[in-house]
Structures are given as structure tokens and as C-alpha cells.
Amino acid sequence: ARPGIPDIPGILQSPAVDFISTTNGAGRGTLVGVHDHHFLSETDSIQKAGKLFYYEADTRTCDSQWISKLRPDIDPAGEYNQPGWFGPETVGQSLELLKSVFARVMITGTAQWWFDIWGGWYDRPEIIQLFAQMQRLGTESINSANNSVAQIAVIVDETALCYLPTNTGFDWLPGQMDELGRIGAPYEIYLLDDLKQIDSTQYRMAIFLNTCVLSSSQRNLILNKWMNRGRTLLWLYAPGLIQDNLAVDNMSSLLQMEFAMTT
């Protein structure tokens, strides 16, 4: 592992780890249609490692309020009085949002719990009834077939985040994930380290979100295993720019295109 950086592949291989969990991203896109409520993790790599992805669904509703109002003892100065804590305006919209979040869990074979943080978000009979229906559906689905039909593999590299600036105003990964939710086709998301083990034959397209750092072995693997069968490869931002050094020739040799550096 790199100093200060979690060794994600190592965590997934550890027998001491049974599940991985993340939140829903602090309430971004709380309306149906804004995005497809993707998880903030490489869920298919997690499942491939035999682990369970456990989703913390802190999904806002029309009853979500600021903590300064519900618990002034925690936030007396209103430091958390931000619009992101609010959800849809109506009960009907809230129910549709909760259904959409649950549907993502169902189709991916993952798990979740509803987390209303400081309380009150789900205290409506309509929502409690919906949760009861979801519980029945979830229980019935446990033994159902959950075979993927995805023909798109999305590849992300946690190592590259060490090289990408975070103060530029550019959304390196969340913004790209929002757009992926609009492509109208299912996809699976993996860590770059899983490329060797993935069966590439089921995928007609591979999208590399942030692979600006590629070793010689990774480059050869992509060239020999993924650049074939008429498969489309979509590269975002400086693919392979960094190998043993930082040079545009690293990109040119990988993509067979001429690149130049500007200042």
C-alpha cells in the first residue's frame, strides 16, 4: 500500500473483511431522473471478491429537515443548513425516489439499510408501508437468479487519484458517473486491478474513467485482452500518460494517435 492511501485490492482480498459500505453521496441528485442513483464504490469488484456491498441509503424525503431545527443541541449555529439536506417536495416524489434507490439494490444483488441520520425522514404511513413491500420483495429475491446482462465495463483506478488535482473545479469521477447513468444501458464497474481476471468476452465496450497511470504490464494486458473482437474502448483524460515517466509518448504508443503537451 502507498503511504496514507488505502490498499483497496488488499482490503477486498482480506479474509477479515465481509462487507464494504458507503453512503449515497450526501444526497446528491435526490430527484428521480437526475441520475441512476449509482453507488459510490466499485461494487462489481467487491462482489467479484466474494464480499457483500452494504449500501447506507441516507435518502432524503419531503420530511428531511436541517439538524439545527431537529437537534439544535448538535448544530446550534446552523453550520449544516445546506440545501443538500432537503429532498423532494411531495410525498409522491419521495416514494418514487425511495423506489428508485431500492431498485438499484435489487438489480445489483447488494444490500442496504435506510438511514435517516437524526430522524423523521421516513415517519409517514405511506413510507412505512412501502418499506414493508420492499422487505417482502427483497426476501423473495434472495434465491432468484441475478445474472448480469451488462455489455459495458467501466474501469476506475484508485491509484490515479494520487495524481489528479482536487481543487480545479472539475469533477473527476462523480460527474462522469452521473453521465453514465444517462447512457440507457447497464454497466458494471471494476477496479483497474481486476482487468486480468475479468472475462472480457461479455463486454462490447470498456470505459476507462481515470487511467492516467498505467504500468507496462497493464498496458500489455489492455492491448492483448481488451483491444480486440471489435470492442469499443472509451478513454477519458490522458490515458497512460504516466508509466515510468510522464510523457505524451506514453499515450501515443497506447492509442496509436499523436498527442502533444501544451502549457
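The first residue in the sequence is number 1, and the count goes up from there.
Residues Asp157 and Leu214 have side chains not in contact (no heavy-atom distance under 4.5 Å, counting atoms from C-beta outward). Between Glu188 and Gln202 there is a side-chain heavy-atom pair separated by less than 4.5 Å. With a 4.5 Å cut-off on side-chain heavy atoms, Tyr80 and Ile74 do not count as touching. Using a 4.5 Å cut-off on side-chain heavy atoms (C-beta onward), Ser200 and Arg229 make no contact. Between Asp18 and Leu52, every side-chain heavy-atom pair lies at or beyond the 4.5 Å cut-off. The side-chain heavy atoms of Gln243 and Leu241, taken from C-beta on, include no pair separated by under 4.5 Å. Between Leu130 and Gln133 the shortest side-chain heavy-atom distance falls below 4.5 Å. By the 4.5 Å heavy-atom criterion applied to side chains, Tyr122 and Thr59 are counted as neighbours.
Asn220 places no side-chain N or O within 3.5 Å of a backbone atom of Ser217 that could act as its donor or acceptor partner. A distance-only check finds a donor-acceptor pair linking the side chain of Thr139 to the backbone of Gln135 [under 3.5 Å]. Distance alone, capped at 3.5 Å, is enough to place a donor-acceptor pair between the Ser45 side chain and the Leu191 backbone. Put simply, the side chain of Ser252 gets close to the backbone of Phe259: a donor and an acceptor are under 3.5 Å apart. No donor-acceptor pair under 3.5 Å is formed between the side chain of Gln93 and the backbone N or O of Cys62. With hydrogens and angles ignored, the 3.5 Å screen pairs a side-chain donor or acceptor of Trp66 with a backbone N or O of Gln82.
Remark: Gln197 CD is packed, more than 12 non-hydrogen atoms of other residues, nucleotides or ligands lying under 6.0 Å away.
Nearest heavy atom pair, residue Ser41 against residue Ile20, reads OG-CG2, 4.5 Å. Between Ser64 and Gly87, the shortest heavy-atom contact is CB-N, 4.3 Å. Between Gln112 and Ala57, the shortest heavy-atom distance links the atoms NE2-CB, 3.7 Å. Residues Arg231 and Tyr203 share a closest heavy-atom pair of NE-O, 2.8 Å. Nearest approach of Ser253 to Arg219, heavy atoms of both residues: OG-NH2, 2.5 Å. Nearest approach of Ile198 to Lys48, heavy atoms of both residues: N-CE, 4.3 Å.
For the atom pair CD (Gln65) and CG (Leu70), the distance works out to 4.5 Å, reported to the nearest 0.5 Å. Taking CD of Gln13 as the start and NZ of Lys51 as the end, the distance is 9.0 Å to the nearest 0.5 Å. To the nearest 0.5 Å, atom OG1 of residue Thr232 and atom CD1 of residue Ile207 are 10.0 Å apart. Atom OG of Ser141 is separated from atom CD1 of Ile107 by 12.0 Å, given to the nearest 0.5 angstrom. Distance check, rounded to the nearest 0.5 Å: CG of Asp116 to CG of Asp63 gives 10.0 Å. For the atom pair OG1 (Thr43) and OH (Tyr190), the distance works out to 9.0 Å, reported to the nearest 0.5 Å.
Exactly one residue among Asn210, Val154, Leu209 makes a side-chain contact (heavy atoms from CB on, under 4.5 Å) with Gln176. That residue is Leu209. For the pairing with Gln218, the side-chain contact (heavy atoms from CB on, under 4.5 Å) check across Thr211, Asp193, Val213, Leu195 returns one residue only, Asp193.
Taking the six-membered ring where the residue is Trp, Phe115 and Trp113 present tilted rings, their angle falling between 30° and 60°. A parallel orientation is assigned to the rings of Phe131 and Trp114, their planes being inclined by less than 30° (bins at 30° and 60°). Using bins of under 30°, 30° to 60° and over 60° for the plane-to-plane angle, the ring pair Phe53/Phe39 lands in the tilted bin.
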**Request:** Take Thr108 and Tyr55 through the test side-chain contact (heavy atoms from CB on, under 4.5 Å) and record every step on the way to the result.
**Result:** CA-CA 11 Å; Thr108 53; Tyr55 179 45; over 6 Å; no
**Request:** May I have the step-by-step check of side chain to side chain donor-acceptor pair (under 3.5 Å) for Arg124 and Ser94, ending in yes or no?
**Result:** CA-CA 11 Å; Arg124 283 181 179 267; Ser94 299; over 6 Å; no
**Prompt:** For Asp58 and Trp121, what are the C-alpha separation, side-chain angles and deciding distance, and is it a side-chain contact (heavy atoms from CB on, under 4.5 Å)?
**Reply:** CA-CA 9 Å; Asp58 51 338; Trp121 296 6; 4.2 Å; yes
**Asked** Passes side-chain contact (heavy atoms from CB on, under 4.5 Å), Thr110 versus Gln47? Steps please.
**Response** CA-CA 9 Å; Thr110 54; Gln47 291 179 328; 3.6 Å; yes
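Hydrophobic cluster membership is shared by Ile189 and Leu234, with clusters built from Ile, Leu, Val, Met, Phe, Trp and Tyr side chains linked at under 4.5 angstrom. Hydrophobic clustering (side-chain heavy atoms under 4.5 Å, transitive across Ile, Leu, Val, Met, Phe, Trp, Tyr) groups Ile127 together with Leu97. Each of Met261 and Tyr237 belongs to its own hydrophobic cluster when Ile, Leu, Val, Met, Phe, Trp and Tyr are linked at side-chain heavy-atom distances under 4.5 angstrom.
When only modelled atom types and interatomic distance are considered, Asp244 and Asn250 share no side-chain donor-acceptor pair under 3.5 Å. Residues Asp199 and Thr201 bring a donor and an acceptor atom of their side chains to less than 3.5 Å of each other.
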